[in-house]
Amino acid sequence: MSAQPVSTQVVLTDSATNKSVNLPVLRGSVGPAAIDIGKLQKETGMFTYDPGFMSTASCKSAITYIDGDAGVLLYRGYPIEQLAKQSTFLETSYLLVNGELPNAQQFSDFEHLVTHHSMMHEGLKTFLHGFHYDAHPMAMLCGTIGSLAAFYHDNLDIEDADQRKMAAVRLIAKIPTIAAACYRYTIGWPIRYPRNNLEYCTRFLHMMFEVPSEPLHLPAVAAKALDLLFILHADHEQNASTSTVRMVGSTGANPYACVAAGIAALWGPAHGGANEAVLKMLDEIGSADQVGKAVERAKDKNSGFRLMGFGHRVYKNFDPRATIIREMCYQVLNDLGVHDPLLEVALKLEEAALKDPYFIERKLYPNVDFYSGLIYKALKIPKEMFTVMFAIARTSGWVAHWLEQHLTADTKIGRPRQIYTGPITREYTPISKR
Ligand code: ACO
């Protein structure tokens with residue numbers, strides 16, 4: 001699928017100069033058309049202004065499609081509901097990276113490759129030990145993933161398709177190992193090596209929780225829930241962190257630097273940090289009878305408080321991932337026999353917000369992260385690790401976009417312009433005269 005100019009044109013006229021410009025309209029295989037403004041500045045001397053990219057498509061991509069009004073999410077054309085039900089995270093990663101579902105041999109080869117690149121370089125342990133004992137695992141993850149460029153510097157030729165693919169595999173394979181190592185460092189446990197006889201999510205849970213002194217017994221629902229969460233978080237088209245990966249990638253930077261930048265962008269509470277923020281908020285609300293007050297506070301613009309896990313830039317009806325994860329949330333709590341009082345707070349909050357005109361008018365619905373934190377908590381994953389979990393899953397999307405970007409002929413360095421609002425030329429005064 002590639003967006004081609006069609007006969008449709010948009011004519012823009014500057015009323016001050018009466019100068020017009022014809023702009024081509026691009027259409028993808030589905031979704032809204034886009035006005036190609038590439039020649040606007042050259043022909044009119046003007047820029048467009050769109051903070052937050054509210055109306056701007058930054059690239060062409062064949063990876064993920066979202067229809068925010070209809071609540072549709074497709075990875076390479078496959079509905080998220082079907083992948084959530086029938087696929088696995090590793091198969092979905094293959095799909096995102098390669099564009100097609102693998103046959104049995106292709107999947108086995110990919111699984112073998114990912115499994116056999118899951119160890120981290122021993123030198124990384126020394127690197128980890130440089131962090132303060134109570135460092136946030138996202139800070140450690142960001143720094144450590146960025147440092148991989150120093151460990152694989154002889155494999156950083158981004159013009160070489162094989163080296164690009166190998167970097168993508170290394171990132172998908174190593175990020176769970178590094179994430180678990182970051183966590184264990186903060187609690188003073190010895191790092192566990194990845195066990196190749198386990199599949200991706202089970203292997204990660206073992207690296208997180210297994211101690212040398214006794215075997216780990218994992219309930220079946222734990223790896224199943226994690227795999228589902230990873231599928232749902234694997235990609236989401238040009239979100240803030242993926243756009244960051246592409247922006248850094250557009251400079252020709254190496255893939256480890258690009259993904260480290262994506263991790264940094266994901267950390268913010270308006271993006272991947274929301275799942276941690278949801279649990280903090282539920283904790284602060286404390287009990288179901290305090291929900292009314294919290295909803296009133298969220299509606300008061302002066303309070304600076306928002307309902308975390310509510311709202312989405314693209315989904316304005318419902319988040320299809322939230323519908324899937326809500327069901328899994330009940331299954332996990334039920335199978336593990338967890339009676340979490342925060343679930344009661346969450347359900348009351350959901351109910352109160354969904355019938356409140358403020359939230360209805362603004363189309364604010366629970367997003368995927370409203371529920372993911374409750375599942376992670378039930379799996380005994382600490383709050384500080386929630387965004388790290390998101391990063392593990394999103395790595396497959398980030399590398400898929402980075403690979404696609406390097407196959408796109410018209411990729412240019414990302415360089416937005418601005419509307420300058422500062423002082424115009426003025427004379428420098430020596431400090432003695434100021
Ligand atoms: N609680 C209360 N009010 C909200 C919320 C919320 N969670 N989200 C948006 N609003 C209000 C805004 O105040 C604004 O009101 P106004 O029109 O009266 O000024 C209106 O809804 C539109 O909000 P914007 O901030 O313009 O919406 P935008 O699309 O820019 O932001 C975002 C989307 C960042 C997700 C926002 O809804 C938010 O901050 N949500 C909470 C954080 C969160 O859950 N993030 C996770 C996103 S999903 C993900 O990354 C996987």
Side-chain angles (χ1 to χ4, degrees), residues 89 93 114 117-152 167-189 191-194 200-201 203-209 226 229-230 233-235 239-242 244-245 248 253-277 279 369 372-373 376 379 381-399 401-402:
F89 172 65
S93 300
V114 169
H117 280 90
S118 59
M119 288 222 299
M120 62 181 210
H121 194 288
E122 280 296 287
L124 272 176
K125 280 192 189 168
T126 324
F127 188 86
L128 277 176
H129 284 186
F131 287 108
H132 201 252
Y133 72 95
D134 63 354
H136 194 289
M138 277 300 274
M140 296 167 77
L141 188 73
C142 187
T144 311
I145 291 293
S147 82
L148 290 181
F151 290 87
Y152 301 104
V169 165
R170 279 205 174 105
L171 278 157
I172 294 172
K174 290 184 198 304
I175 195 166
T177 312
I178 293 171
C182 292
Y183 167 62
R184 293 177 78 106
Y185 174 69
T186 62
I187 56 167
W189 283 9
I191 287 166
R192 275 326 261 162
Y193 291 106
Y200 195 85
C201 286
R203 186 162 64 229
F204 170 70
L205 289 169
H206 272 258
M207 288 190 286
M208 281 286 287
F209 297 122
L226 197 58
L229 278 165
F230 282 4
H233 275 133
D235 194 41
N239 56 85
S241 56
T242 303
T244 302
V245 170
V248 180
N254 72 73
Y256 306 106
C258 296
V259 169
I263 293 170
L266 187 75
W267 196 0
H271 190 12
N275 53 13
E276 185 178 343
L279 269 229
D369 284 327
S372 60
Y376 287 140
L379 299 182
I381 289 170
K383 267 205 289 282
E384 301 69 40
M385 283 294 287
F386 289 2
T387 316
V388 171
M389 308 300 288
F390 192 161
I392 297 174
R394 187 54 59 88
T395 295
S396 58
W398 289 332
V399 299
H401 282 271
W402 180 80

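Positions are given from 1, in the same order as the sequence printed here.
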Practice prompt. State whether the side chain of K383 and the backbone N or O of L279 hold a donor-acceptor pair below 3.5 Å, judged by distance alone.
Written response: no

Worksheet entry | Non-hydrogen atoms of A135 and T186 that approach each other most closely | O-CG2, 3.5 Å

Worksheet item: Would you say the side-chain atoms of T387 pair up with the backbone N or O of G272, donor to acceptor, closer than 3.5 Å?
Response: yes

Worksheet item: When you measure from the side chain of R192 to the backbone N and O of F209, does any donor-acceptor pair fall under 3.5 Å?
Response: no

Discussion item. Quick check for you: to the nearest 0.5 Å, what is the distance between M207 atom CE and W189 atom CH2?
Written reply: 14.5 Å

Worksheet item: So how far is it from I175 CD1 to T395 OG1, rounded to the nearest 0.5 Å?
Response: 3.0 Å

Worksheet item: Can you check whether S118's main-chain N or O pairs, donor with acceptor, with T177's side chain at less than 3.5 Å?
Response: yes

Response to the item:
Closest non-hydrogen atoms of I263 and M138, given as atom of the first, atom of the second and distance, are O-CE, 3.5 Å

Item to complete: For the residue pair F151 and H121, categorise the inter-ring angle as parallel (less than 30°), tilted (30 to 60°) or perpendicular (more than 60°).
Response: tilted

Worksheet item: Do we see a donor-acceptor contact under 3.5 Å between the side chains of D369 and H233?
Response: yes

Discussion item. Parallel, tilted or perpendicular, judged at 30° and 60°: which one describes the rings of F89 and F230?
Written reply: perpendicular

Fill in: C142 side, atom SG; L266 side, atom CG - distance, nearest 0.5 Å
10.0 Å

Fill in: From E276 atom CD to S372 atom OG, the distance as rounded to the nearest 0.5 Å
11.0 Å

Worksheet item: Do you know the tightest heavy-atom contact between W398 and A391?
Response: CZ3-O, 3.9 Å

Worksheet item: What closest approach, in Å, do R394 and H271 show between heavy atoms, and which atom pair accounts for it?
Response: NH1-CE1, 4.2 Å

Worksheet item: Would you say the side chain of M389 lies within less than 4.5 Å of the side chain of L229, judging by non-hydrogen atoms?
Response: no

Discussion item. Taking F131's backbone N and O only, do any of them form a donor-acceptor pair with Y185's side chain (distance below 3.5 Å, no angle check)?
Written reply: yes

Worksheet item: Ignoring hydrogens and geometry, is there a side-chain-to-backbone donor-acceptor pair from H206 to P194 under 3.5 Å?
Response: no

Practice prompt. Answer whether the closest heavy-atom distance between the side chains of M385 and M208 falls below 4.5 Å.
Written response: yes

Item to complete: Measure the shortest side-chain to side-chain distance between L148 and L124 over non-hydrogen atoms and say whether it is less than 4.5 angstrom.
Response: yes

Worksheet item: Nearest 0.5 Å, what's the CZ-OH distance between R170 and Y152?
Response: 5.5 Å

Fill in: Closest non-hydrogen atom pair, W402 against V245
CB-CG1, 4.3 Å

Discussion item. Between L128 and C182, is the side chain to side chain contact (heavy atoms under 4.5 Å, CB included) condition met? List the steps.
Written reply: CA-CA 7 Å; L128 277 176; C182 292; 3.9 Å; yes

Worksheet entry | Any H117 side-chain heavy atom under 4.5 Å of I172 side chain | no

Practice prompt. Answer whether the closest heavy-atom distance between the side chains of I187 and Y183 falls below 4.5 Å.
Written response: yes

Fill in: Y200 side chain vs P176 backbone, donor-acceptor pair below 3.5 Å
no

Worksheet item: Taking all atoms of both residues into account, what is the closest heavy-atom pair of A260 and I145, and its distance?
Response: N-CG2, 4.1 Å

Discussion item. Closer than 3.5 angstrom, by distance alone: can the side chain of Y376 be matched with the main-chain N or O of P382 as a donor-acceptor pair?
Written reply: no

